[in-house]
Q: 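Can you keep this structure in mind? I'll have questions shortly.
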Protein chains: 2
Amino acid sequence: MISKAQKKYLKSLESKKQRKLTKEFIVEGTKSIKDFIKNGYIPLIVYTTQPEIWEPGIKTLKIDKKELKSISLLKNPKDSLAVFKIKPAVKPEFSHPILILDNLQDPGNLGTIIRTADWFGIKDIVCSHGTVDCYSPKVVQASMGSLAKTNINYMDLEDFLSDYPHPVYGTFLEGKNLFKEKFPDKMALIIGNEGNGIRPEIEKLVMHKITIPKHPDASAESLNAAIANAIVLSKILT
Amino acid sequence: MISKAQKKYLKSLESKKQRKLTKEFIVEGTKSIKDFIKNGYIPLIVYTTQPEIWEPGIKTLKIDKKELKSISLLKNPKDSLAVFKIKPAVKPEFSHPILILDNLQDPGNLGTIIRTADWFGIKDIVCSHGTVDCYSPKVVQASMGSLAKTNINYMDLEDFLSDYPHPVYGTFLEGKNLFKEKFPDKMALIIGNEGNGIRPEIEKLVMHKITIPKHPDASAESLNAAIANAIVLSKILT
């Protein structure tokens, strides 16, 4: 049985301000919850219709399906919803390619980008302060557990790029053909905001502008940011 | 000034049943509306805060921003909303690669897939009857005008594939490495449902199973369908 106060508290974690304050966030679904535990995140409590599936060391509270529906943000709630402690990010490692996001706004895009980056082996993502919070419930959901494995720093990108020692690539509507480029083992790739692309002050720090060539007959003016990210990462990392 | 009856009619076009009945659908935003006009779709009426931007031949009704907000499905409504007549699909052409979608469910995914396919020059998409309706408002929105340029047929895929004369590729979690394959100029690519992939009865008709290789350290179990589609099309078509 879940209390009114607990419900209220869970609701409050939808707000970024509250998450910053408490350093707590919500994860739904057994697979994703297990991904976070496996990657060193500590579950404070798991609200679950099936306490028997959780190891004895994990604090669970049995709830029924109706209660789960009342606290879940999903249309079709899964069996469990956990509150986790946010794990502080560590310094990004420069020995692998890193992904940089400049003011990404859409939580679904960010979650999908994290999931795709993980698929291709990216360990570090650096986000501008203006990028949507990676612990927002929609990001957690769209990342499908991959957030647990990814080290995400929010930084001032101008500061970060000034010190970054390897080649910096950025995706633009005009640039060198992605498919004709050779990429180094150590590099950074910048993906820009959904509507406005990479900010001019960040563009100045991009050494190599690349583009995904468009078919001459196409009417599309641009690609979705998560789609562009996937196409570029698949070329760089395989 | 928009009437109550008009509002009710626009609202009814959110339902697939009503769209099938009337063969009408809604498009929002000047760029997208112009894309449909350019591609031979006939606008029955354009509700707009700026009638002056539309050519004299086009029937417009001036509305204010508040009225637009009341009929728009967008969080941030643009300046115009048009009702179009659905253009009947023509038979797919086999001289170019075609894309086949097996029971895609998410309207955002379908819209994004149409937009990405257009970017790479795909002219024909064949959808299973179980795939979400391409004239659903969320699909139209996510396709960003590319729907206007794409010939989309809803068909029985078993029937269609039985008669299709060129190689058929499908994306699976296990298959030949996409990046090591050579693709013919005439071919079909099948993308499966978000959760279940390609149905077994369709899988039987796939001649070449391909996969997007995953990094050994990745925790992601799969890629989003629109992401997988983008990566495979970028490899096949560039």
Side-chain angles (χ1 to χ4, degrees), chain A residues 31-32 34-36 38-39 75-76 96-97 106 108-109 111-123 142-150 173 177-180 194-195 211-235 237-238, chain B residues 31-32 34-36 38-39 75-76 96-97 106 108-109 111-123 142-150 173 177-180 194-195 211-235 237-238:
Chain A
K31 192 256 169 195
S32 290
K34 287 193 170 164
D35 280 336
F36 277 91
K38 203 162 52 185
N39 285 286
K75 268 187 205 163
N76 303 307
H96 300 281
D106 184 272
N109 276 346
T112 302
I113 285 173
I114 294 168
R115 179 179 174 192
T116 312
D118 174 35
W119 181 273
F120 288 117
I122 290 276
K123 290 168 177 54
S143 88
M144 302 280 277
S146 291
L147 173 61
K149 213 172 164 88
T150 311
L173 286 172
N177 183 337
L178 164 71
F179 299 103
K180 293 186 175 158
E194 289 87 351
T211 197
I212 299 166
K214 178 164 92 160
H215 191 278
D217 295 344
S219 97
E221 283 184 349
S222 63
L223 287 167
N224 165 284
I227 294 293
N229 169 69
I231 294 168
V232 179
L233 287 186
S234 78
K235 176 67 176 76
L237 296 167
T238 56
Chain B
K31 192 256 170 194
S32 289
K34 287 193 171 164
D35 280 335
F36 278 91
K38 203 162 51 185
N39 285 285
K75 269 188 204 164
N76 304 305
H96 300 281
D106 183 90
N109 276 347
T112 303
I113 286 173
I114 294 167
R115 180 179 174 193
T116 311
D118 174 35
W119 181 273
F120 288 117
I122 290 275
K123 290 168 175 57
S143 88
M144 302 280 276
S146 290
L147 173 62
K149 214 174 162 85
T150 311
L173 286 172
N177 183 335
L178 163 72
F179 299 103
K180 293 187 175 159
E194 289 87 350
T211 196
I212 300 166
K214 178 164 92 160
H215 191 280
D217 295 345
S219 96
E221 282 184 350
S222 63
L223 288 166
N224 165 286
I227 295 291
N229 170 69
I231 293 168
V232 179
L233 287 186
S234 77
K235 175 68 175 77
L237 296 166
T238 56

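In the text below, chain A, chain B and the rest are named by the order of the sequence lines, each starting its count at 1. All values below come from the heavy atoms of this structure, side chains included, with hydrogens, waters and symmetry mates left out.
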Q: Can you say whether B:Thr116 sits under 4.5 Å from chain A via the side chain, the backbone, both, or neither, judging by heavy atoms?
A: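 Both backbone and side chain.
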
Q: Among B:Ser234, B:Ser219, B:Ser146, which has the most heavy-atom pairs under 4.5 Å with chain A?
A: B:Ser219

Q: Does a side-chain heavy-atom distance below 4.5 Å link A:Lys123 with B:Asp217?
A: yes

Q: Go through the atoms of B:Phe120 and report whether side chain, backbone, both or neither lie under 4.5 Å from a heavy atom of chain A.
A: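 For B:Phe120, the contact with chain A is made by backbone and side chain together.
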
Q: Can you tell me if A:Trp119 uses its side chain to pair, donor with acceptor, with the backbone of B:Pro213 under 3.5 Å?
A: yes

Q: Looking only at heavy atoms and a cut-off of under 4.5 Å, which of B:Ile212, B:Ile122, B:Asp35 has the most pairs with chain A?
A: B:Ile212

Q: Report which part of B:Ser222 has an atom under 4.5 Å of a heavy atom belonging to chain A: side chain, backbone, both, or neither.
A: both

Q: Is it the side chain or the backbone of B:Lys38 that comes within 4.5 Å of chain A heavy atoms, both, or neither?
A: neither

Q: So which part of B:Lys235 gets closer than 4.5 Å to some heavy atom of chain A, the side chain, the backbone, both or neither?
A: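 Answer is neither: B:Lys235 stays 4.5 Å or more from chain A.
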
Q: Using heavy-atom distances under 4.5 Å, tell me whether B:Leu233 contacts chain A through its side chain, its backbone, both, or neither.
A: neither

Q: Just how far is it from atom CG of B:Asn224 to atom OG1 of A:Thr112, taken to the nearest 0.5 Å?
A: 5.0 Å

Q: Which atoms of B:Lys149 are under 4.5 Å from chain A, going by heavy atoms: the side chain, the backbone, both sets, or neither?
A: side chain

